[in-house]
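Labels below follow one simple rule: chain letters A, B, ... track the order of the sequence lines, proteins then strands, and each chain is numbered from 1.
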2 protein chains.
Amino acid sequence: MRSYGQYCALAKALDVVGDRWTLLIIRELLLRGPSRYTDLRNGLPGIATNLLADRLRELERAEIVAREDAPPPVASTLFRLTPRGEGLRPVLDELGRWGVPYMTEGPAPRDEFRSRWLAWPAEAFLVDGEPAQPPVAIEVRAGDDEPMVIETRAGSVESHPGRAGHPDAVLTGTPHAILGLLSGRFDLARARALGLEYEGDPRVLRRFRHGAPADTAKAAAGTSASR
Amino acid sequence: MRSYGQYCALAKALDVVGDRWTLLIIRELLLRGPSRYTDLRNGLPGIATNLLADRLRELERAEIVAREDAPPPVASTLFRLTPRGEGLRPVLDELGRWGVPYMTEGPAPRDEFRSRWLAWPAEAFLVDGEPAQPPVAIEVRAGDDEPMVIETRAGSVESHPGRAGHPDAVLTGTPHAILGLLSGRFDLARARALGLEYEGDPRVLRRFRHGAPADTAKAAAGTSASR
DNA sequence: CCGCATCCGGGGCGATACTG
DNA sequence: CAGTATCGCCCCGGATGCGG
């Protein structure tokens, strides 16, 4: 991207990650860990393939992304974030938090959705409301044939793709209904009215509460400037 | 801007503020408060005037910026941030913090600089290292004829344009030397070797230390999603 | 199939000139 | 002072091709 030509930390940051699609590519790499080109493309509906290749090259030059050749069993190229790239997590957290109000009305007519995107709000915004109780796991099916597991883990909430062995609850429905229910904007009755199917004990939902975001990453991100 | 078409809070946020120059316009409004068009243009060297007008219109539609006609004495149009726009402060804080390493090598050959940009790193990254002592004020002259005052205030650090009545120290030099000295990367000898002139008691510098950023704005920014 | 490269049309952006 | 008008360019989007 063309530089803003301003001696300002914000402008310098935008010189590097201000291009279109760049921060969304970082999002995918944060959500998925080391990823193949094709998987990135799949998690970024709407991106042109040449643009993805261009951005990955630029991010590699900026030492935000590293390319590694996976070991023989897979024998494919993997893209992963460097520590500098991981340092963008607090930026995406804050920007995503600011964008939450734009989600409450539900998706626009042509909006795409990927279940993996649920992992970010779950881990960034939810905490285990009853840490002393045994852990629970819920399975979420949001329509793209890739179920997600959201579970309490030592007081916090974690999420990963896949099926749960013995889920305490299973949620099936639109992203809008699922997000509304988990965020506490909808109660179960309201979510059901929006088409959500809920199997399991409703009390499981009480385990997932809003909490202060995990700020541990923030303190670590400011170290490079202190001598 | 063209929408990413993804039902994801981060993508929705970038739909609104992801355009080129937009976040830098927010920076200026955060630094200056309500501003006239010409002052914004001056704080954004390199922007095309039609782009500034376009962005201000879009930001007004998005209810991030409000336009108000100033009272008779000035009789000019003012642009100011709405609460929604103010909510972007944590985003800029994190992005700027991430961009700090790109500042340590000094400005690029054609980089522009404005003294007001010093206010952000001063207030976001510095704290008063000796809050029990009487307050101090330093005056900084970074070459654009608009001196800044940086002072301790009840344990924290504040900054505003103008001259100090009785400054405890006066710093004159390049932005690179001043930033390096205040951030602790350079000691006074090193900063002087880079051309910085320092008048006053060097011990005043010890009052300005790195500290945890003021996180009060963060807690307030996440309220709209909790019922 | 994976990881791109090439080509092309359209629009966002940059620079300058001009105006109420 | 606060913009609008104009014009060229390059970034972006979409499609297709292609070597490993």
B:Trp21 vs C:dG14: side-chain N/O to OP1/OP2 distance below 4.0 Å: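 Answer yes for this pair, as a side-chain N or O of B:Trp21 is under 4.0 Å from OP1 or OP2.
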Starting at atom [atom1] of [X], determine the distance to atom [atom2] of [N], rounded to an integer number of angstrom.
{"X": "A:Glu58", "N": "C:dC4", "atom1": "CD", "atom2": "P", "answer": "13 Å"}
{"X": "A:Arg20", "N": "C:dG10", "atom1": "CZ", "atom2": "C1'", "answer": "14 Å"}
{"X": "A:Glu60", "N": "C:dG3", "atom1": "CD", "atom2": "P", "answer": "13 Å"}
{"X": "B:Asp19", "N": "C:dC13", "atom1": "CG", "atom2": "P", "answer": "5 Å"}
{"X": "A:Arg41", "N": "D:dG13", "atom1": "CZ", "atom2": "P", "answer": "13 Å"}
{"X": "B:Leu51", "N": "C:dA17", "atom1": "CG", "atom2": "P", "answer": "17 Å"}
{"X": "A:Arg55", "N": "C:dG3", "atom1": "CZ", "atom2": "P", "answer": "19 Å"}
{"X": "A:Met1", "N": "C:dG12", "atom1": "CE", "atom2": "C1'", "answer": "12 Å"}

From [options], nucleotide with atom closest to [X] side chain:
{"X": "A:Thr38", "options": "C:dG3, C:dC7, C:dC4", "answer": "C:dG3"}
{"X": "A:Arg57", "options": "C:dC4, C:dC13, D:dG14", "answer": "C:dC4"}
{"X": "B:Arg36", "options": "D:dC1, D:dG13, C:dC4", "answer": "D:dC1"}
{"X": "B:Asn50", "options": "D:dT6, C:dG3, C:dC13", "answer": "D:dT6"}
{"X": "A:Ser76", "options": "D:dG13, D:dT4, C:dG3", "answer": "C:dG3"}

First of A:Ala53 and A:Tyr4 reached from the 5' end of DNA chain C, by closest nucleotide: A:Ala53
Earlier contact from the 5' end, DNA chain C, for B:Arg2 and B:Gly46: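 The residue closer to the strand's 5' end, by nearest nucleotide, is B:Arg2.
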Under 3.5 Å donor-acceptor, B:Tyr7 side chain and A:Met103 backbone: yes
Donor-acceptor pair, side chain of B:Asp111 and main chain of B:Ala108, under 3.5 angstrom: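 Checked: pair present.
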5' priority, DNA chain D, between A:Ala48 and B:Thr49 [closest heavy atom]: B:Thr49
cation_pi(B:Arg32, B:Phe79) dist<6.0 Å, angle<=45: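 Verdict for B:Phe79: no cation-pi partner in B:Arg32.
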Cation-pi geometry met for A:Arg89 and A:Trp120 (6.0 Å, 45°):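 Pair A:Arg89/A:Trp120 does not count as cation-pi.
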Verdict with supporting geometry, A:Glu146 and A:Arg114, salt bridge (Lys or Arg N to Asp or Glu O under 4.0 Å): CA-CA 8 Å; A:Glu146 194 176 25; A:Arg114 297 290 182 273; over 6 Å; no
